[in-house]
Asks: 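Have a look at the structure that comes next, please.
Just follow the structure's listing: the first ligand is 1, and inside any ligand the first atom is 1. Quick caveat: nothing in here was measured; it's all calculated off a predicted structure.
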Amino acid sequence: MKNIYKITLLSLFSVGLLNSCGGVPEEKTTASGVEKAFSVAEVLEMVAKENDVTRTLYTKAIVGKGKKQGMKFDEDWRKDDVEAGPLPALFLRGVASSIRKSPVPLGLYLGSDFPINAANKFEGKQATLFKKIKEDRKPQFFYDEDQKLHTAMFVDVASAGACVSCHNDHPQTSKTDWKLGDPMGATTWQYPKDSLSYKETIALLGSYAQGTVDIYKEYLAEIKEFKKSDKPVIGDKWPADGNYLPTAEVFLDSVKKLTSYQTMKYLVAKK
Ligand code: HEC
């Protein structure tokens, strides 16, 4: 059953399917002679969609369901005396720091106007644009002159009950009446160039996916060190079934199953 989903974007590219199907999107050639396939806005939109799915899956299927099984998720999850997994925001930060270590120059940041962590408060242009995002929930794109980076912001919605209850009850929260469906913040993505080739696009999506695997594996590695006797069993089952956690491969497989079709549709539909 699972195998039908295993046709990932990467394998599609490696077998050259997209390049041989005639209707390939037209490539723009830049002054440098390098083939450019996508605008930076299009690529950041693709990766933001993948991130939405990953984030919701992690929040609902791991954190939400895991808590019901007695699993703990904590800000201090990396500390030796804390036997817990990363909160969704820290999962995202883990992805961002893994991407930073990769050769792909992609920046990722999660901010808000009412943050738990004051360091996550939007400032300047991003604060202004976030006001717009809250009204119409549409992405915002701009060129950050100071940093010389193309910047895209996408709404981060309270998509699970766990987002709302945890934020409202948090001792450091700056807002206690979040509701399901509220725009709680935005993910900000940055990239230095205004367009990307296929290769660069695939490298960027791959770097994001690798980031999710890296942080998830760090979580599984922490569990190995837990002293408690009822540690979750790591395999092909999910917390919805009991005291289980999926392996990194099973987790990534689900993310791919939920995202690759949409991303692929986008990649092939462009003209
Ligand atoms: C179990 C608790 C918990 C859950 C569940 C949770 N968060 Fe958070 N969230 C936090 C904490 C704690 C921070 C601050 C982390 C840090 O130090 O940067 C945070 C950070 C954030 C930020 C950055 C601004 C800020 O508040 O610092 C946003 C936006 C955010 N979360 C949205 C969400 C959304 C949307 C969900 C559900 C998909 C969610 N959170 C689920 C605890 C939680």
Side-chain angles (χ1 to χ4, degrees), residues 48-79 82-100 107-124 126-135 137-140 151-190 211-212 215-216 218-219 222 232 238-240 245 251 254-255 258-259:
K49 280 205 176 108
E50 303 233 1
N51 178 59
D52 267 352
V53 170
T54 310
R55 191 160 154 69
T56 305
L57 187 72
Y58 183 74
T59 306
K60 285 189 178 172
I62 305 287
V63 179
K65 292 280 194 289
K67 277 183 159 179
K68 291 193 178 136
Q69 301 294 342
M71 295 175 204
K72 302 264 188 305
F73 297 87
D74 198 284
E75 276 133 272
D76 296 324
W77 70 282
R78 284 182 201 269
K79 287 192 181 155
V82 179
E83 305 207 329
L87 293 175
L90 302 180
F91 186 87
L92 192 85
R93 196 179 294 156
V95 176
S97 77
S98 163
I99 296 171
R100 231 181 354 259
L108 166 59
Y109 166 85
L110 180 65
S112 176
D113 52 352
F114 290 104
I116 288 179
N117 181 344
N120 300 332
K121 193 169 164 85
F122 283 131
E123 286 171 356
Q126 293 195 31
T128 314
L129 289 178
F130 184 59
K131 290 205 180 90
K132 270 198 194 161
I133 292 177
K134 282 216 297 195
E135 281 163 23
R137 303 191 180 205
K138 291 201 182 112
Q140 292 290 333
T151 307
M153 295 172 72
F154 299 88
V155 69
D156 191 44
V157 173
S159 54
C163 320
V164 172
S165 53
C166 185
H167 274 250
N168 284 346
D169 299 344
H170 197 279
Q172 263 97 52
T173 193
S174 51
K175 181 173 157 67
T176 55
D177 57 352
W178 293 110
K179 295 185 301 296
L180 201 62
D182 274 353
M184 292 180 78
T187 48
T188 301
W189 302 81
Q190 296 186 303
T212 65
I215 179 72
Y216 189 74
E218 275 183 58
Y219 170 31
E222 284 277 320
W238 292 74
L245 277 174
F251 181 77
S254 280
V255 171
L258 293 164
T259 60

Asks: Is N117 in polar range of ligand 1, meaning some N or O pair under 3.5 Å apart?
Replies: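 So ligand 1 has an N or O lying under 3.5 Å from an N or O of N117.
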Asks: Using only atom types and a distance under 3.5 Å, with no angle test, would you say the side chain of Q69 pairs donor to acceptor with the backbone of P239?
Replies: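 Present.
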Asks: I'd like to check which ligand 1 atoms, numbered from 1 as shown, lie under 4.0 Å from a non-hydrogen atom of E75.
Replies: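 Per the distance check, 12 (C).
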Asks: F251 vs W238 aromatic rings, parallel, tilted or perpendicular, using cut-offs 30° and 60°?
Replies: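 Ring orientation of F251 relative to W238: tilted.
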Asks: Using distance alone, decide if ligand 1 has a nitrogen or oxygen within less than 3.5 Å of any nitrogen or oxygen in R93.
Replies: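 Checking ligand 1 against R93, an N or O pair does fall under 3.5 Å apart.
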Asks: Tell me the closest heavy-atom pair linking I133 and M153, and the distance in Å.
Replies: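 Result for this residue pair: CD1-CB, 3.6 Å.
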Asks: List the atom of A119, the atom of Y109, and the distance in Å for their closest heavy-atom pair.
Replies: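 The answer is O-OH, 3.4 Å.
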Asks: Ignoring hydrogens and angles, tell me if any N or O in the side chain of S174 forms a donor-acceptor pair with the backbone of P115 under 3.5 Å.
Replies: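 At least one qualifying donor-acceptor pair exists.
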Asks: By number and element, which atoms of ligand 1 are closer than 4.0 Å to a non-hydrogen atom of S112?
Replies: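 Matching atoms, with element in brackets: 24 (C).
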Asks: Which of the atoms of ligand 1 are close to P115, meaning less than 4.0 Å from one of its heavy atoms?
Replies: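 Per the distance check, 24 (C), 25 (C), 26 (O), 27 (O).
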Asks: Given that the side chain starts at C-beta and the backbone is N, CA, C, O, which of these parts of Q172 lies under 4.0 Å from ligand 1, counting heavy atoms, or is it both or neither?
Replies: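 Answer for Q172: neither.
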Asks: Of all the non-hydrogen atoms in the protein, which one sits nearest to atom 34 (C) of ligand 1, and at what distance?
Replies: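 The closest heavy atom on the protein side is R55 NH2, 3.2 Å.
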Asks: Which pair of heavy atoms, one from I215 and one from G94, lies closest together, and at what distance?
Replies: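 That closest heavy-atom pairing would be CD1-CA, 3.8 Å.
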Asks: Identify which of G111, P171, P183 has a heavy atom lying nearest to atom 29 (C) of ligand 1.
Replies: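 When every heavy atom of G111, P171, P183 is considered, G111 comes closest to atom 29 (C) of ligand 1.
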Asks: List nothing but the number: protein N/O/S atoms under 2.8 Å from atom 8 (Fe) of ligand 1.
Replies: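 Under the 2.8 Å cut-off, the count stands at 1.
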Asks: Taking 4.0 angstrom as the limit and counting only heavy atoms of S159, give me the atoms of ligand 1 inside it, by number and element.
Replies: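 It comes down to these atoms of ligand 1: 38 (C).
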Asks: Counting only N and O atoms by type, is there a donor-acceptor contact under 3.5 Å from the side chain of T173 to the main-chain atoms of N168?
Replies: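 No: the side chain of T173 does not pair with the backbone of N168.
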Asks: Specify the protein heavy atom at minimum distance from atom 22 (C) of ligand 1: its residue, its atom name, and the distance to 0.1 Å.
Replies: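 Among all protein heavy atoms, the one nearest atom 22 (C) of ligand 1 is L110 CD2, 3.6 Å.
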Asks: For atom 15 (C) of ligand 1, which protein heavy atom lies nearest, and how many Å away is it?
Replies: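 Going atom by atom, the protein heavy atom closest to atom 15 (C) of ligand 1 ends up being L90 CD2, 4.0 Å.
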Asks: By number and element, which atoms of ligand 1 are closer than 4.0 Å to a non-hydrogen atom of H170?
Replies: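 The atoms of ligand 1 under 4.0 Å from a heavy atom of H170 are 12 (C).
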Asks: Using a 4.0 Å heavy-atom cut-off, which part of K67 comes near ligand 1: side chain, backbone, both, or neither?
Replies: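 Under 4.0 Å from ligand 1, K67 contributes side-chain atoms alone.
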Asks: So among K175, K134, Q126, which one has a side chain to side chain donor-acceptor pair (under 3.5 Å) with D113?
Replies: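 By the side chain to side chain donor-acceptor pair (under 3.5 Å) criterion, D113 pairs with just one of K175, K134, Q126: K134.
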Asks: Would you compute the distance between atom OG1 of T212 and atom CG of L92 and round it to the nearest 0.5 angstrom?
Replies: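 Output value for this atom pair is 10.5 Å.
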Asks: When you compare the side chain of K131 with that of F122, does any pair of heavy atoms fall below 4.5 Å?
Replies: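 No, every pair of side-chain atoms sits at 4.5 Å or beyond.
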Asks: So, taking the atom named OH in Y219 and the one named CZ in F73, what distance separates them when rounded to the nearest 0.5 Å?
Replies: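 One finds 3.5 Å between OH of Y219 and CZ of F73.
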Asks: How far apart are the closest heavy atoms of N51 and T187, and which atoms are they?
Replies: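 Closest heavy-atom pair between N51 and T187: ND2-CG2, 3.7 Å.
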Asks: Suppose we measure from atom 5 (C) of ligand 1 to each protein heavy atom; which comes out shortest, and what is that distance?
Replies: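 In this structure, atom 5 (C) of ligand 1 has A162 O, 3.3 Å as its nearest protein heavy atom.
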Asks: Has ligand 1 got any nitrogen or oxygen that is less than 3.5 angstrom from a nitrogen or oxygen of D156?
Replies: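 Min N/O separation from ligand 1 is not below 3.5 Å for D156.
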Asks: Specify the closest pair of heavy atoms between Q172 and E75, including all atoms of both residues, with the distance to one decimal.
Replies: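 Taking every non-hydrogen atom into account, OE1-OE2, 4.4 Å.
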Asks: Are any of the side-chain heavy atoms of T59 and F91 separated by less than 4.5 Å?
Replies: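 No, every pair of side-chain atoms sits at 4.5 Å or beyond.
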Asks: T59 heavy atoms, cut-off 4.0 Å: which ligand 1 atoms fall inside?
Replies: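 Selected atoms, number and element: 37 (C), 38 (C).
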Asks: I need the nearest protein heavy-atom contact for atom 27 (O) of ligand 1: residue, atom name and distance, please.
Replies: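 Nearest neighbour among protein heavy atoms for atom 27 (O) of ligand 1, to 0.1 Å: N120 ND2, 2.7 Å.
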Asks: Return the minimal non-hydrogen interatomic distance between M71 and P232, and the atom names on each side.
Replies: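 Shortest heavy-atom contact: CE-CB, 3.9 Å.
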Asks: Which part of V157 is near ligand 1, with near meaning a heavy atom under 4.0 Å away: side chain, backbone, both or neither?
Replies: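 Just the backbone.
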